[in-house]
Amino acid sequence: MNETPTVTLLGAGPGDPELLTLKAVKALRRATVALVDDLVHPGVLRYLRRSARVLHVGKRGGCPSTPQAFIHRLMVAEARRGERVVRIKGGDPFVFGRGGEECEALRAAGIGVEVIGGLTAGIAAPAALGIPVTDRRWTRGVALVTGHAGTEGGSEPDWAALARSGLTLVVYMGVARLPFIVRALRDAGLADYTPAAVICHAHTADQRQALCTLGILQHTVAQQGLGSPAILVIGDVVQAAPAWQALGQGTTGSQAARC
Ligand code: SAH
């Protein structure tokens, strides 16, 4: 039995289990119960003991999913029973992962929380193509935003302000609303020739990607059948990708590439 009931909120990274931190692996080895999200790579579960109970509590957007309140109650109940609970999330638990809400619910129930960060898809997916999202030659920083309005209880990002910000835009959950997002950015004056990248299933065997420009982003995604989970990167830093340079594209290029 645990002395103080504690739940470990663990970020498993975007895919490849080799991207787990050592701390995450240690926590997985200790756990007796694991509550697992949809986007967690199955290979991550190999680090659990054979005897650990695995409960899949996915929350994939648009699909029937386990209510958040039920997940909270389950974590609390298992921790109170003396189980060593790990809550495994894709990427980082605090980046569009409801980690904040879960911490709050656990603390309110008198349960201790340990948070183990993970590589977030918004940084790791572009990195898989050699895109440094804050490259100082092109940008002052990066904005991580959701394309799925209402996610995390939040409202629509201010696309017009983002378009004018000079920041690299990294959009999570953006594919389904791509026409709306692209229109909002273009209406606010973001140039059609702004470089863009789409990376789906990054760091998995199913990874696919395309490099293009904002003006043809929607067409490229549709034509190549790129779908969720995907990260969109919009900004000049995309030019740093070796695949972009191999195309000989400047920022005025308009040719779509599948790398
Ligand atoms: N906490 C996660 C994000 C969860 S929201 C993190 O930090 O990465 C789910 C969204 O993350 C997906 O819709 C997609 O936009 C993005 N995502 C997660 N894993 C991904 C992957 N392997 N490749 C591309 N995008 C991914």
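Just so you know, these numbers use all the heavy atoms, side chains as well, and skip hydrogens, waters and symmetry mates. Just so it is clear, the structure is predicted and the values come from calculations on it, not from any experiment.
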Between Thr139 (side chain only) and Gly166 (backbone N and O only), is there a donor and an acceptor less than 3.5 Å apart?
yes
Each residue besides Leu19 in its hydrophobic cluster should be listed here, by chain and number; the cluster joins Ile, Leu, Val, Met, Phe, Trp and Tyr at side-chain heavy-atom distances under 4.5 Å.
Leu119
Run Val198 and Leu232 through side-chain contact (heavy atoms from CB on, under 4.5 Å) and show every step you take.
CA-CA 5 Å; Val198 189; Leu232 310 172; 3.9 Å; yes
Step by step, work out the side-chain contact (heavy atoms from CB on, under 4.5 Å) result for Ile71 and Arg87.
CA-CA 10 Å; Ile71 296 174; Arg87 171 76 174 106; 3.7 Å; yes
In terms of heavy-atom contacts, Ala79 and Pro5 come closest through O-CB, 3.5 Å
Exam field: side chain Glu101 to backbone Arg98, donor-acceptor pair closer than 3.5 Å
no
Pairs involving residues 41-50, ordered by first then second residue, that meet side chain to side chain donor-acceptor pair (under 3.5 Å) (sequence neighbours left out)
none
With no hydrogens and no angle check, is any side-chain donor or acceptor of Asp16 less than 3.5 Å from a backbone partner on Glu18?
yes
Out of curiosity, does Ile181 fall in the hydrophobic cluster containing Leu226 (side-chain heavy atoms, cut-off under 4.5 Å, transitive links)?
yes
Treat each ILVMFWY residue as a node, draw an edge where side-chain heavy atoms are under 4.5 Å apart, and state whether Leu10 and Val113 are in one component.
no
Is there side-chain contact between Met75 and Leu35, with heavy atoms separated by less than 4.5 Å?
yes
Tell me the closest heavy-atom pair linking Pro14 and Thr204, and the distance in Å.
O-CG2, 4.4 Å
Strictly distance-based, threshold 3.5 Å: is any side-chain N or O of Thr32 a donor or acceptor partner for the main-chain N or O of Arg84?
yes
Give, for atom CD of Gln218 and atom CD of Gln223, the distance between the pair rounded to the nearest 0.5 Å.
12.5 Å
Restricting to non-hydrogen atoms, name the atom on Ala163 and the atom on Ala188 that form the minimum distance, rounded to 0.1 Å.
CB-CB, 3.6 Å
For the backbone of Gln224 and the side chain of Arg208, can you confirm whether one donor and one acceptor N or O come within less than 3.5 Å of each other?
yes
Shared hydrophobic cluster for Ile116 and Phe94 (ILVMFWY, side-chain gaps under 4.5 Å):
no
Any idea which heavy atoms bring Ile131 and Ala241 closest together, and the distance?
CG1-CB, 3.8 Å
Is there a chain of hydrophobic side chains (I, L, V, M, F, W, Y, each step under 4.5 Å between heavy atoms) that links Val44 to Val115?
no
What are the two closest non-hydrogen atoms of Thr213 and Trp244, and how far apart are they?
CG2-CH2, 4.1 Å
Keeping Thr21 on the side-chain end and Ala24 on the backbone end, is there a donor-acceptor pair under 3.5 Å?
yes
Exercise: do Gln207 and His203 side chains pair donor with acceptor under 3.5 Å:
no
Do you know which two heavy atoms are closest between Asp236 and Pro195, and how far apart they sit?
OD1-CD, 3.2 Å
ILVMFWY cluster membership beyond Leu22 - transitive side-chain contacts under 4.5 angstrom:
none
Over 12 foreign heavy atoms within 6.0 Å of CD, Glu104:
no
Quick check: does any side chain N or O of Gln245 sit under 3.5 Å from a backbone N or O of Gln239, one acting as donor and the other as acceptor?
yes
CA sep, side-chain torsions, deciding dist, call: Leu74, Val85, side-chain contact (heavy atoms from CB on, under 4.5 Å):
CA-CA 10 Å; Leu74 193 58; Val85 182; over 6 Å; no
Under the 3.5 angstrom rule, does the side chain of Thr168 hit a backbone N or O of Val133 as a donor-acceptor pair?
yes
Hphob cluster co-occupancy, Phe180 + Val175, side-chain heavy atoms under 4.5 angstrom:
yes
Salt bridge flag under 4.0 Å for residues Glu114 and Lys26
no
